[in-house]
Amino acid sequence: MSAPVDDLTTLLGAMPPAEHDARKRIRTARNAAAYNVTRTDSPDALTLWWMIADCATAWIYRPADTATLGKVVEYLRGLLICARRVQELEALS
């Protein structure tokens, strides 16, 4: 089975499946944050969505080992949850 051809393999070349998966998750976090930037009415959540998008963008193609990328994925996941909660809290007020 050949490696998937996508932006990651085109720009970075072949990589282990775990690294490819981590980079896909970082890209997905970036895309989710960018989407939410266009949908939120919450100024505080907007700030967090932009921070997440910027951080994820910085890590998608950055040279890093799989363990580091895994940590980035977990940190981004936590920030996504935080931004969603901030948005929900502001909607209540």
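What you see below is based on every heavy atom in this structure, not just the backbone, and it leaves out hydrogens, waters and symmetry mates. Since this is a predicted model, take the numbers as computed values, not measurements.
Here the closest heavy-atom approach between residue A64 and residue W59 is recorded as CB-CZ3, 3.8 Å. A34 and A53 make their closest contact through N-CB, 4.4 Å (heavy atoms, listed as atom of the first residue, atom of the second, distance). Across every non-hydrogen atom of I52 and A83, the tightest pair is CD1-CB, 4.0 Å. Of all the heavy atoms in V37 and L46, the pair that sits closest is O-CD1, 3.7 Å. In terms of heavy atoms, A45 sits closest to E90 at N-OE2, 4.4 Å.
Annotation: side chain of W50 is not in contact with side chain of T47 (no heavy-atom distance under 4.5 Å). No side-chain heavy atom of T66 sits under 4.5 Å from any side-chain heavy atom of M15. The closest side-chain heavy-atom distance from R62 to V72 is not below 4.5 Å. Between N36 and R84, the closest side-chain pair of non-hydrogen atoms falls below 4.5 Å.
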Worksheet item: Given the rule in the side chain to side chain donor-acceptor pair (under 3.5 Å) test, do D6 and T9 qualify, once you have shown the distances and angles that lead to the verdict?
Response: CA-CA 6 Å; D6 60 7; T9 54; 3.2 Å; yes
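Both V73 and L12 belong to a common hydrophobic cluster when Ile, Leu, Val, Met, Phe, Trp and Tyr are linked at side-chain heavy-atom distances under 4.5 angstrom.
Of the inter-residue distances, the one linking L48 atom CG with C55 atom SG reads 12.0 Å to the nearest 0.5 angstrom. Interatomic distance, CZ of R23 versus CG of L8, reported as 7.5 Å (0.5 Å rounding). Once rounded to the nearest 0.5 Å, the distance linking CG of N31 with OG1 of T57 reads 8.5 Å. To the nearest 0.5 Å, atom OG1 of residue T28 and atom CG of residue L80 are 10.0 Å apart. To the nearest 0.5 Å, the span separating NZ on K24 from CD1 on I26 amounts to 12.5 Å. Remark: R30 CZ to I60 CD1 distance equals 4.0 Å, nearest 0.5 Å.
Crowding of D41 atom CG: a count of heavy atoms from other residues, nucleotides or ligands under 6.0 Å not exceeding 12. More than 12 heavy atoms of other shown residues, nucleotides or ligands fall within 6.0 angstrom of atom OH in Y61.
With respect to R27 and D7, a salt bridge is recorded, a charged nitrogen being found less than 4.0 Å from a carboxylate O.
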